[in-house]
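Protein chains get the first letters and strands the later ones, always in sequence-line order, with residue 1 at the start of each.
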Amino acid sequence: MNSTATLSSGNRTASSGDALDLVLRIGLLPILMAIVIVGTSLMSPYFLGWMNIVNILRMASFLAIIACGQALVIIAGGFDLSVGAVVALASVVTAKAMAAAASAIGGPDIVAIVIGIGAGLGSGLAVGLFNGICVSRLKVSGFVVTLGTMSATAGIGLLLTNGIPVYGMPKAFVQAIGRSQFLGFPLAIYIALAVILVMVFVQRRTLFGRYVYAIGGNLDAAVVSGVSIRPHLVGTYVVSGGLAALVGILLTALVGSGQASLGGDAMMLQSIAAAVIGGVSLRGGIGRVEIVAVAALFLTILGNALNLLHIDSRIQPIFLGLIMVLAVALDEFSRRRTSRV
Amino acid sequence: MSDANLTATTRSADLDGKTRDRRAFDRSFGQQWLRKLALPIALVALLAGFALADDRILTSYNLLNIAQQTSYLALFAMAQMVVILTRGFDLSLGPTVSMVSVGAALAMAGMGGGEAGGLVVVTAALAAGLALAVACGLFNGVVVALLGVSPLVATLGSMNIAIGVATTISDGRPVQGVPSAFSQVFYTGSLLGLPIAIVIALVVGVALAFVLSRTVFGRSLYIIGTNPQAAAVAGIPVKRLLVYAYLLCSALAALGALMMTARTGSGEPNLGGTLSLQSIAAAVVGGTSLAGGRGGVATAVLGALFITILSNGMNLTRIDGYVQMIVLGAIVILGVVLDRLRLSAR
Amino acid sequence: ADAKSSASWWPFPVFDASSGTPEEAEYEPLDKAEKAHDICVLFPHMKDSFWVAVAYGIVTQAKAENVNMNLYEAGGYENLPKQISQFDDCMASGADAIVVGAISGAGLSQKFAEAKEKNIPVVGVTNPLPKDALPAANYVDFVAMGGVTAKGLLDQIGEEEANVVTFPGPAGSGWAEDFNKGFKDTVAGHDNVKILDEKFGDSGVAVQLKLIQDALQTYPEMNVIWGTAPTAEAAIGAVQLAGRPDMKIISSYENQAMLDALNNGQILAFATQYPVAEGAMAIDQAVRLIEGKDVMKLAQPKADVITDETAKDLNMDLVLAPADWSPEYSVTAQ
Amino acid sequence: MTSADITRTTTPNTAEPLLVLSGVTKRFPGVLALDGVDLDVKAGELHVLFGENGAGKSTLINVIAGTFPPTSGSFRFGGEEMSELTPHEARAIGISPVFQEFSLVPSLTVEENLFLGREKSAAGVLDAGGMRKRARELIGELGFDLYPKARVDSLDRAHQQMAEIAKALLGNVKLLILDEPTASLTERETGRLFELIAKLKTDGVGIIYVSHRMREIRALADRVTVLRDGRHIKTLDAATVTDGELVELMTGRKIDVLFPTIAHDPGETAIEVHDLSTADGLVKGVDFVARAGEITGIAGLVGCGKSELVRAIYGIAPIASGSVALRGKLLDRLDPRTSLRRGVAYFPANRGVEGLALSRPIRENVSMAALDLSRYQRGGVIRRAAERALIGPIMETLKLRPPNIERAVGDLSGGNRQKVMLGRAMARDLDIFLFDEPSVGIDVGAKVEVYEFIKRLVEQGAAVVVVSSELPEVLALSNRLYVMHHGRIAALLEGAAKTEQNVLSSFFEEESREKAA
Ligand SMILES: Nc1ncnc2c1ncn2[C@@H]1O[C@H](COP(=O)(O)OP(=O)(O)OP(=O)(O)O)[C@@H](O)[C@H]1O
Ligand SMILES: Nc1ncnc2c1ncn2[C@@H]1O[C@H](COP(=O)(O)OP(=O)(O)OP(=O)(O)O)[C@@H](O)[C@H]1O
Ligand SMILES: [Mg+2]
Ligand SMILES: [Mg+2]
């Protein structure tokens with residue numbers, strides 16, 4: 001065959017479709033975000049204030065970190081409803097372990113802090129591991145498994161504390177992790193950036209990332225191609241649990257106490273919303289974490305803007321709901337127009 | 001090979017084929033029964049277990065209590081099941097319940113509460129509740145079917161909207177003044193000795209079962225859930241039916257909301273709080289498949305019954321609140337695992 | 001840890017509002033119940049030290065009067081249907097009386113009617129109820145309590161300017177709206193106090209934190225944060241981050257964190273309604289109803305504002321459970 | 001072909017054949033798919049598996065490829081006993097399958113799919129550059145018209161098939177398994193594939209080949225094994241066996257002619273398409289006429305838009321401009337529902353995706369497109385007894401096997417699934433039929449039945465349009481044949497002009513005309 005024939009019409013549509021797709025995928029959300037930003041800054045002088053920007057970024061960081069894990073799970077064809085509960089559990093476990101270590105050891109704070117963080121992360125990873133093992137070994141749907149662990153995890157968090165905030169963490173923890181700043185930005189933002197960068201790398205450049213796409217895209221194909229399914233499925237849930245725990249720890253440092261009321265359903269639903277608005281397909285196999293992070297930022301800005309625009313807090317959800325649907329509908333609309341059936 | 005030989009092998013193969021099919025059919029028939037009965041058996045076992053631990057479980061009063069509690073959750077699980085059949089789900093179900101509750105109570109208060117005639121009041125409540133539900137269902141349906149937004153985002157959106165509407169129109173406070181005529185119809189009344197809630201749930205269940213298994217609409221829902229593309233090619237009006245499915249879901253939720261409003265005796269802006277997830281859990285635990293096309297009234301009702309018995313039993317056997325959460329989580333997982341085993345042990 | 005004796009709590013000063021108009025009174029419980037009644041207790045949740053304090057009062061008093069007690073919590077204010085089911089389960093389990101911290105007083109009114117029909121006495125505790133809904137109840141008037149916090153603020157600032165944003169709690173809860181109303185009504189006549197905005201939101205620290213941070217940006221002139229206990233908790237960190245040590249933080253109710261924060265000088269004041277005493281009174285009211293004894297129909301604890309000055313003279317035993325006490329969900333009579 | 005690493009094989013010197021199966025049995029719930037099958041494949045040999053739909057060919061292949069273990073029996077490869085083989089290990093030791101149902105991940109690119117499960121990587125990090133280079137090389141060597149960075153879900157079936165074949169040939173191949181590889185390839189790609197197969201054979205690769213096309217078997221096979229009902233019937237030397245014998249062994253009956261003689265009797269114009277372009281641009285300015293009482297064929301290379309044309313007529317593919325008239329009446333809207341009401345039926349090429357609801361019973365799948373008729377429902381309530389009474393006989397005439405209409409369609413073999421689709425056409429009164437690849441993936445016996453079905457339709461006066469990539473099929477069936485190229489009609493061939501030669505030359509004429517423009 002001659003090499004000129006390889007450039008058929010199909011080829012061209014495929015490649016230009018790819019580019020257009022990319023522009024649309026990355027393009028639409030920022031456009032909407034720009035509209036919100038410009039609109040709000042015209043109406044509220046405080047919106048673009050430095051402190052407000054830092055606040056937005058900090059809040060968006062928390063959501064983005066969780067949404068990254070959630071996105072990974074959804075891409076592999078699953079669902080993680082337990083992230084909100086894991087945030088709470090990690091907060092409680094971190095605070096308890098740290099407080100216990102601090103009073104038991106009494107030595108330098110750093111030891112207690114490391115123990116606390118380790119325990120918190122460990123609790124998240126453990127829940128993730130449990131989710132992953134149930135889903136992959138028992139072949140039960142992720143939705144149901146994590147619905148179960150959500151209830152159980154929340155129960156454990158409350159059982160540990162009876163709902164009473166846990167104090168007694170070293171001051172250094174709160175100062176260093178919750179309230180310290182570098183170059184004017186809080187630590188959480190750097191952590192989120194690091195998480196996002198690592199996740200982008202994992203998705204694009206590692207076997208794990210590739211296999212996650214394959215498993216979510218077509219499980220049977222992955223099996224017959226010799227991809228080992230179980231460890232990768234478990235991996236997604238472990239990552240999701242770990243990232244949720246990380247947020248739990250960061251929030252604990254920020255508020256200064258371990259709380260079983262952190263996270264919750266709202267956080268879980270928001271993380272899923274961020275993932276889906278960020279273009280992750282609930283059918284699996286499709287999605288990029290960097291866009292998910294943008295979506296997390298978008299949701300945070302939206303909430304902030306509504307507050308700054310003095311919108312009655314009872315009416316705010318109405319706006320939030322409408323804009324959320326609008327964002328995804330527009331996205332869907334443009335995608336449908338450009339791509340053929 | 002000679003001709004005679006050939007036909008002989010053919011015939012024997014054919015015969016063999018038939019007996020093989022026959023056997024396969026018998027076996028799958030048996031399996032179907034096993035599948036259908038597994039959850040009821042588990043339910044009976046659960047009830048028996050609790051009964052051993054506490055003798056108040058099996059009193060007729062408590063059994064009626066369980067039945068009555070189940071009827072509400074079953075109604076919501078059925079509503080949820082209708083859209084789950086089409087590969088969707090409705091996160092706005094809970095807030096819709098709140099919205100309808102408040103809306104209906106406001107309408108009744110607007111009609112002058114107890115002073116107006118019973119019929120007028122009930123009609124007003126029904127009209128207001130149904131109107132709100134239709135609005136919500138229409139929104140969900142249109143956004144999902146026509147705009148192509150995933151059900152999750154669509155109903156997450158309408159969930160927020162419904163919460164906003166419910167708290168705004170009620171000013172965040174319970175709406176009081178639900179007249180007794182209304183409670184009579186939707187709560188305190190009874191038929192043939194059965195509390196009205198159970199009667200309504202039974203009637204709705206039977207009607208819905210009929211719709212799903214005997215009507216073109218119901219059949220189409222299953223086909224859409226199994227393969228939406230094939231449904232479209234076969235000329236099934238997929239988009240329109242999806243809208244109907246969401247409307248039906250919201251309407252059933254509204255009916256449940258009215259019943260709950262009668263039960264609480266006031267319009268509550270927080271009434272539906274966690275009902276969305278609970279109803280999904282009930283439907284799924286009962287065996288409705290989130291992948292679409294699989295499930296029915298039985299799965300929704302059994303799931304609701306299961307969850308109700310579990311929490312009633314734990315309450316009566318004095319299991320602590322947080323431990324209950326953990327047990328419930330574990331049982332949900334165990335339930336699907338058992339379901340899984342049942343399917344794969346064939 | 002075993003509950004301490006409740007002897008030091010009594011007599012407890014309250015308003016007796018049985019007749020409609022509150023009159024000064026003192027509450028004195030029975031020594032012992034005639035027999036070991038079964039009392040069923042329903043809580044909206046047990047997720048903060050406030051409700052743990054109520055539970056402490058209930059458990060202590062149940063032991064003191066030697067009755068059986070079972071406590072169920074509904075898991076949060078969004079779970080009214082669950083509380084209703086628990087109410088049904090209580091009746092089904094043959095309780096002699098039910099004590100209920102209602103998620104929504106109006107929402108339980110049908111249940112109250114049913115219990116009345118079945119001759120099961122019901123006592124309301126802590127959360128407000130529609131007038132005359134129950135044979136006995138004790139709770140503060142939330143509007144009044146909001147007002148108390150406002151008075152506390154006015155006393156502290158004198159003639160200073162106060163620009164307030166209120167964070168009353170979750171919209172639709174009823175109590176948040178009442179708190180807010182009391183606060184607003186009381187400051188209404190004072191020209192130096194301005195209410196910039198009202199921000200309703202779930203009473204979790206994370207949600208409140210976001211609201212506060214946004215408010216700090218929206219209203220640079222804000223110098224008073226008035227809201228729920230989690231609001232105040234979140235505000236402490238947010239204010240520190242924003243570099244606003246001048247901010248005055250007032251909490252509309254009490255919890256362990258508020259006490260610590262007050263001791264550390266991080267907040268200006270918090271209000272208390274003596275939840276431990278409320279729990280204890282509820283059990284006593286229930287026993288009296290079962291035994292057909294005289295009962296105070298509506299006891300209203302005198303809400304107080306606690307500042308670092310008043311904190312010293314306070315019987316903390318009536319405000320919070322001891323730090324090492326963990327909730328007991330059932331008490332069995334000896 | 002230049003590269004050596006497609007076939008880095010060493011011909012085994014052992015006396016034992018490359019692959020030996022003895023007594024392999026596979027039982028699925030309710031089905032004995034394989035029943036004590038013996039089979040051997042030598043290095044350098046092309047061994048055809050031949051059998052009806054559901055005979056067990058794919059199951060056998062799955063066992064060899066390690067997808068699932070056999071229920072009993074043993075299996076040796078390269079002189080070694082294989083047990084508990086995983087797909088991964090199978091590939092590693094040189095067993096390379098091309099499955100009938102594609103093993104591609106739709107959301108990944110061609111390139112990513114080629115390497116799936118065997119990525120070049122170091123410490124878990126992918127070597128993207130290396131893989132890209134290798135993918136380009138391979139596709140170049142194979143001569144496939146395939147763009148490595150295209151996402152698989154943007155490809156049509158034919159290109160997916162190419163990607164699937166390329167995937168199998170990446171790496172060290174000792175035994176290549178091809179399950180109906182040409183089912184959706186056109187002549188050109190098929191030709192390329194055959195060249196490739198010849199090359200692999202000389203390199204000592206053993207090949208298992210499944211196909212329902214006699215022509216291919218004739219052209220390629222060294223030996224043929226006939227399976228029926230999961231049992232090994234006979235293994236024959238391809239050089240000495242005749243087509244008739246093979247078919248007889250396979251079906252247990254004689255089949256003389258594959259294509260029936262159809263008496264075309266063109267009547268009034270049924271479909272008239274004028275200057276039609278679709279929204280996706282795959283069809284550009286097409287004029288097309290189909291008449292009652294005859295079969296109108298549409299042929300063309302992969303991706304030429306022939307499927308898209310009939311999809312547009314039926315109302316699934318949105319139209320950008322142009323008009324469609326049915327029986328002289330211009331249509332103002334096109335959608336499946338109204339098409340059915342007007343008597344138009346469409347049979348999609350991809351039955352799994354667009355045709356059938358697999359987990360639903362056969363009965364429901366057949367009546368699916370006719371539920372608006374009062375025969376099946378009254379006031380929206382389905383008349384179940386009537387439905388059963390109507391569908392049962394339809395499926396009986398179509399010789400559904402097994403003949404139980406309450407089973408899920410997913411349990412059926414390919415040919416029987418196609419029968420369910422055909423049954424749908426009989427469930428309501430229709431007179432215009434659009435077939436997209438009517439015989440793709442079905443066995444010779446079923447093919448004959450499908451052709452007979454089409455013949456009956458035409459002779460009853462219906463208008464039939466057949467779109468097919470299998471040239472002999474459209475040539476034999478159609479009365480008039482349109483040839484499409486790049487979305488346009490390149491030629492209309494009738495009567496004596498309707499030859500393979502003319503079809504092919506019209507491609508090339510069109511191609512050179514396009515180049516000139
Ligand atoms: N996973 C499975 N579960 C249950 N039955 C199966 C499964 N796979 C195949 N079968 C059944 O096994 C038998 C053999 O199927 P197989 O796919 O091997 O046939 P085939 O010869 O490849 O047919 P075709 O020519 O249609 O591809 C059929 O009756 C089929 O229904
Ligand atoms: N070189 C190519 N690379 C990738 N995709 C191609 C190429 N050429 C064509 N295609 C795809 O082929 C499809 C053409 O659509 P259509 O189904 O109408 O073709 P067709 O003529 O029916 O082909 P087929 O013979 O496969 O049925 C488009 O989806 C297009 O993306
Ligand atoms: Mg096959
Ligand atoms: Mg085609």
Side-chain angles (χ1 to χ4, degrees), chain B residues 54 56-57 59 61-66 68-69 72-73 76 94 97-98 101-102 105 163-164 166-168 170-178 180 183 187-188 260-275 278 308 311-312 314-316 318-325, chain C residues 40 42-43 45-47 68-95 102-114 117-118 130 133 168-178 180-181 200 327-330 332:
Chain B
D54 192 305
R56 289 166 308 179
I57 301 275
T59 58
Y61 182 82
N62 190 48
L63 289 179
L64 202 62
N65 173 29
I66 289 177
Q68 192 160 4
Q69 288 183 22
Y72 298 92
L73 187 56
F76 297 123
V97 168
S98 309
S101 170
V102 171
I163 290 175
T167 46
T168 307
S170 68
D171 206 21
R173 292 161 198 277
V175 180
Q176 278 161 333
V178 171
S180 63
S183 302
Y187 181 55
T188 47
M260 296 267 288
T261 307
R263 192 179 181 207
T264 56
S266 61
E268 293 287 328
N270 270 343
L271 189 61
T274 50
L275 273 181
Q278 250 178 47
T308 310
S311 70
N312 171 274
M314 289 198 291
N315 277 343
L316 264 64
R318 298 167 194 185
I319 293 174
D320 288 2
Y322 305 139
V323 180
Q324 282 199 17
M325 289 174 78
Chain C
C40 214
L42 300 178
F43 273 18
H45 64 82
M46 187 89 84
K47 292 197 270 198
N68 295 312
M69 187 285 298
N70 287 296
L71 190 154
Y72 305 105
E73 54 97 28
Y77 276 95
E78 66 278 15
N79 287 334
L80 175 59
K82 186 165 176 189
Q83 188 167 57
I84 292 176
S85 293
Q86 288 172 333
F87 200 102
D88 282 333
D89 289 348
C90 276
M91 290 196 285
S93 70
I103 286 179
S104 157
L108 286 169
S109 50
Q110 273 296 341
K111 291 289 130 190
F112 295 161
E114 277 170 52
E117 234 165 74
K118 297 200 166 63
S173 64
W175 57 260
E177 280 85 353
D178 283 344
N180 202 36
K181 181 173 187 301
F200 286 86
E328 294 163 47
Y329 288 81
S330 62
T332 314

Separation of C:Y329 OH from B:Q324 CD (nearest 0.5 Å) | 10.0 Å
Rounded to the nearest 0.5 angstrom, the CG-NZ distance for B:N315 and C:K82 is 7.5 Å
Between B:E268 and C:S104, a side-chain donor and acceptor under 3.5 Å | yes
Closest non-hydrogen atom pair, B:S183 against C:Q110 = OG-NE2, 2.9 Å
Contact class of B:A262 relative to chain C, heavy atoms under 4.5 angstrom | backbone
Which residues share a side-chain hydrogen bond (donor to acceptor under 3.5 Å, both in side chains) with B:S98, sequence neighbours left out = none
Between the CG atom in B:N62 and the CE atom in C:M91, the distance rounded to the nearest 0.5 Å is 11.5 Å
Does the side-chain contact (heavy atoms from CB on, under 4.5 Å) test come out yes or no for B:Y61 and C:K118, once each step is laid out?
-> CA-CA 12 Å; B:Y61 182 82; C:K118 297 200 166 63; 3.1 Å; yes
For chain C, find which of B:M325, B:Q68, B:R263, B:Q176 contributes the most heavy-atom pairs closer than 4.5 angstrom.
-> B:R263
Non-hydrogen atoms of chain C under 4.5 Å away: do they reach the side chain of B:Y187, the backbone, both or neither?
-> side chain
Heavy atoms, side chains only, cut-off 4.5 Å: are B:T274 and C:E78 in contact?
-> yes
Greatest number of heavy atom pairs closer than 4.5 Å to chain B - which of C:L80, C:D88, C:I103, C:D178 = C:D88
Highest number of heavy-atom pairs under 4.5 Å with chain B among C:P327, C:G105, C:C90, C:P81 belongs to C:P81
All heavy atoms of C:S85 vs all of B:Q69, minimum pair found to be O-NE2, 3.1 Å
Do B:R56 and C:D89 meet the salt-bridge criterion of a basic N to acidic O distance under 4.0 Å?
-> no
Note, C:I84 side chain near B:M260 side chain (heavy atom, < 4.5 Å) | no
ring-ring contact (aromatic ring centres under 6.0 Å, His included) partners of B:F76, counting only residues at least two apart = none
Select one option (side chain, backbone, both, neither) describing which atoms of C:L108 are under 4.5 Å from chain B's heavy atoms.
-> backbone
Residue part contacting chain C, namely of B:N65, when any heavy atom lies under 4.5 Å | side chain
Contact class of B:T261 relative to chain C, heavy atoms under 4.5 angstrom | neither
